[in-house]
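Data first, discussion second: the structure below is written as C-alpha cells.
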Amino acid sequence: MIISISGIRGILLNRRNIPIMSMPIESMLLAVNSNFLVFSVSSDDMMGQSFASLVPTVAAAESAIGLAIFVITFRVRGTIAIESINSIQG
C-alpha cells in the first residue's frame, strides 16, 4: 500500500521530466506484483504467482516503448520537458 501511494504521489508531484515521471509507474507495478504474491500465498492459489511472473514482462515492454517515445520526441523537439510536449497539437 505504501509503495503504491508513493508511486501516485510521485506522478502527481513530478510534472517536469518525463523519464522521472515513468519511475513511479514502475514502483506502482512493483506494488501490484507484491500484492499478487502476498494474496497468492495467503489463499494457497498459484494464479497470483503466475500473474506475478507476467508483471515484469509488461514492465519491460512499457519501459521499452516509453524509451522509444522519449528518443523520438528528443530527436524531433530537442527536449523531453513536459512544458514543450504540452504544445503538441494533433
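There is no path of hydrophobic side-chain contacts, each under 4.5 Å, that joins M23 to L29. Side-chain heavy atoms closer than 4.5 Å link hydrophobic residues (I, L, V, M, F, W, Y) into clusters, and following such links, even through other members, never connects V32 to L30. V41 and M47 fall into different hydrophobic clusters, defined by Ile, Leu, Val, Met, Phe, Trp and Tyr side-chain heavy atoms under 4.5 Å apart, directly or through other members. Both I25 and I8 are part of a single hydrophobic cluster, where members link through side-chain heavy atoms under 4.5 Å apart.
The number of heavy atoms from other shown groups lying within 6.0 Å of CZ (F74) does not exceed 12. Atom CD1 of I2 has 12 or fewer neighbouring heavy atoms from other residues, nucleotides or ligands inside a 6.0 Å radius.
Side-chain atoms of S4 and N35, non-hydrogen and from C-beta on, never get closer than 4.5 Å to each other.
The minimum heavy-atom distance between G48 and F36, with the atom names listed, is O-CB, 3.5 Å. Annotation for S53 and P56: closest pair O-CD, 3.6 Å, computed over non-hydrogen atoms.
The structure places CD1 of I72 at 10.0 Å from CG of L67, a figure rounded to the nearest 0.5 Å. Atoms OG and CG, from S27 and N33 in turn, are 12.5 Å apart once rounded to the nearest 0.5 Å. Separation of atoms CE (M46) and OG (S40) is listed at 6.5 Å; rounding is to 0.5 Å.
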Note to self: Apply side-chain contact (heavy atoms from CB on, under 4.5 Å) to residues V71 and R75 and explain how you reach the verdict.
What the structure shows: CA-CA 6 Å; V71 169; R75 284 184 182 172; 3.8 Å; yes
